[in-house]
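Heads up, the thing below is written out as structure tokens.
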Amino acid sequence: MASPTRGAFIVIEGLDRSGKSTQAAILHSRLQGPEQSAKAVLLKFPDRTTAIGKMIDAYLRSQSELDDHAIHLLFSANRWELATSICAHLAAGMTVIADRYAFSGIAFSARKGLSYEWCRAPDVGLPAPDLTVFLDVEPEVARARGGYGEERYEQEGIQRGVRAMFERIGEEMNRDGQGKWVVIDASKEKDRVARDIWHVVESLAEGVDAPTAKLWQTRLST
């Protein structure tokens, strides 16, 4: 017997200035439009409005310094702050769109030299997305876009290392059946990218007939 239909959890990932926020907003508007019966909620990580989020914001703007392990755990805690509300939205039939998620936390921290497994551990058990859309763009293309370099990690060398980590994460997610990971060329014109995203999202717009999975849940007992 199928589980009651719930909302779909969709994550938009990518390098800095790859168009994540723009495309997440476009997708959110489309899912809220008159042609769609689904209603959607848009989240952005880090959520800089919470107490933890304000600490992260100061760090990203280079207004404070924190140990690499400490900032990684703060990013994870910021996601856990919203885990219950994500599950509640999904159970209510809402489509949840997240601009960044746990995968960014792993990619950026592991690129700095922290253990890949250690970086993943704090996020084990978070709600797992049904679909992750990775907006792929060459770092030099992202660098040419407005606002690049305003925050700590917006440096081409860092972004190249982060991109390699994202490739590893995507391969593992698809191999292990941890939700679908789709790579989309984000160097194209904005509307074309939006159409490509809709092509992979459309089938989820009416909901999902399965319980919400947990990220790397098989690791909970190890």
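What you see below is based on every heavy atom in this structure, not just the backbone, and it leaves out hydrogens, waters and symmetry mates.
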If we only count heavy atoms from C-beta on, is the [X] to [Y] side-chain gap below 4.5 Å?
X      : Y      : value
Leu135 : Val193 : yes
Phe9   : Leu43  : no
Ile10  : Val96  : no
Leu82  : Ser85  : yes

Do you know the tightest heavy-atom contact between [X] and [Y]?
X      : Y      : answer
Asp99  : Lys20  : OD1-CB, 3.5 Å
Lys44  : Ser21  : NZ-OG, 2.9 Å
Phe134 : Gly14  : CE1-CA, 3.5 Å
Val137 : Ser18  : CG1-CB, 3.5 Å
Ala25  : Leu42  : CA-CD2, 4.1 Å
Leu126 : Ala102 : CD1-CB, 4.3 Å

Check: Regarding Glu13 and Ser104, is there a side-chain donor-to-acceptor distance under 3.5 Å anywhere?
Finding: yes
Check your understanding: Would Thr22 and Lys190 count as having a side-chain donor-acceptor pair, cut-off 3.5 Å?
Key -> no
- Item | Check against side-chain contact (heavy atoms from CB on, under 4.5 Å), Trp118 and His69 | CA-CA 9 Å; Trp118 186 90; His69 298 80; 3.7 Å; yes
Go through Thr95 and Lys39 one step at a time and tell me if the side chain to side chain donor-acceptor pair (under 3.5 Å) criterion holds.
CA-CA 6 Å; Thr95 301; Lys39 295 300 181 183; over 6 Å; no
[Y] backbone acceptor or donor facing [X] side chain under 3.5 Å:
X      : Y      : answer
Ser76  : Leu73  : no
Arg160 : Glu138 : no
His72  : Cys119 : yes
Asn78  : Ile52  : no
Ser109 : Ile106 : no
Gln159 : Leu15  : no
His89  : Val41  : no
Gln178 : Pro129 : no

Any salt bridge linking [X] with [Y]? Criterion: basic side-chain nitrogen under 4.0 Å from a carboxylate oxygen.
X      : Y      : result
Asp130 : Lys180 : no
Asp136 : Arg163 : yes
Lys188 : Asp196 : yes
Arg100 : Asp16  : yes
Arg168 : Glu172 : yes

Paired with Tyr101, the ring pair (Phe, Tyr, Trp, His ring centres under 6.0 Å) test is passed by just one of Phe45, Phe166, Trp80, namely Phe45
Tested for side chain to side chain contact (heavy atoms under 4.5 Å, CB included) against Val133, the lone hit among Ile184, Val183, Ile97, Val11 is Ile184
Between [atom1] on residue [X] and [atom2] on residue [Y], distance to nearest 0.5 Å:
X      : Y      : atom1 : atom2 : value
Thr49  : Glu81  : OG1   : CD    : 8.0 Å
Met55  : Leu74  : CE    : CG    : 5.0 Å
Ile197 : Glu202 : CD1   : CD    : 13.5 Å
Leu215 : Arg79  : CG    : CZ    : 9.5 Å

Check: What's the verdict on side-chain contact (heavy atoms from CB on, under 4.5 Å) for Tyr59 and Ile56, showing C-alpha distance, side-chain angles and the deciding distance?
Finding: CA-CA 5 Å; Tyr59 173 82; Ile56 294 171; 5.6 Å; no
Same apolar cluster (I L V M F W Y, side chains within < 4.5 Å links), [X]/[Y]:
X      : Y      : result
Leu114 : Leu60  : no
Tyr116 : Phe108 : yes
Leu31  : Ile26  : no

**Item:** Trace of the side-chain contact (heavy atoms from CB on, under 4.5 Å) decision for Phe103 with Trp181
**Value:** CA-CA 11 Å; Phe103 316 116; Trp181 182 288; 3.8 Å; yes
Across all chains, not counting sequence neighbours, the side-chain hydrogen bond (donor to acceptor under 3.5 Å, both in side chains) partners of Asp191 are none
Note to self: What verdict does the side-chain contact (heavy atoms from CB on, under 4.5 Å) test give for Asp57 and Arg61, after you've listed the backbone C-alpha separation in whole Å, the side-chain angles of each residue and the deciding distance to 0.1 Å?
What the structure shows: CA-CA 6 Å; Asp57 183 63; Arg61 295 179 184 277; 3.0 Å; yes
Is it the case that more than 12 heavy atoms not belonging to Met165 sit under 6.0 Å from its CE atom?
yes
Glu117/Arg120 under salt bridge (charged side-chain N to carboxylate O under 4.0 Å, His left out): CA gap, chis, key distance, verdict = CA-CA 5 Å; Glu117 292 294 334; Arg120 179 163 48 184; 2.6 Å; yes
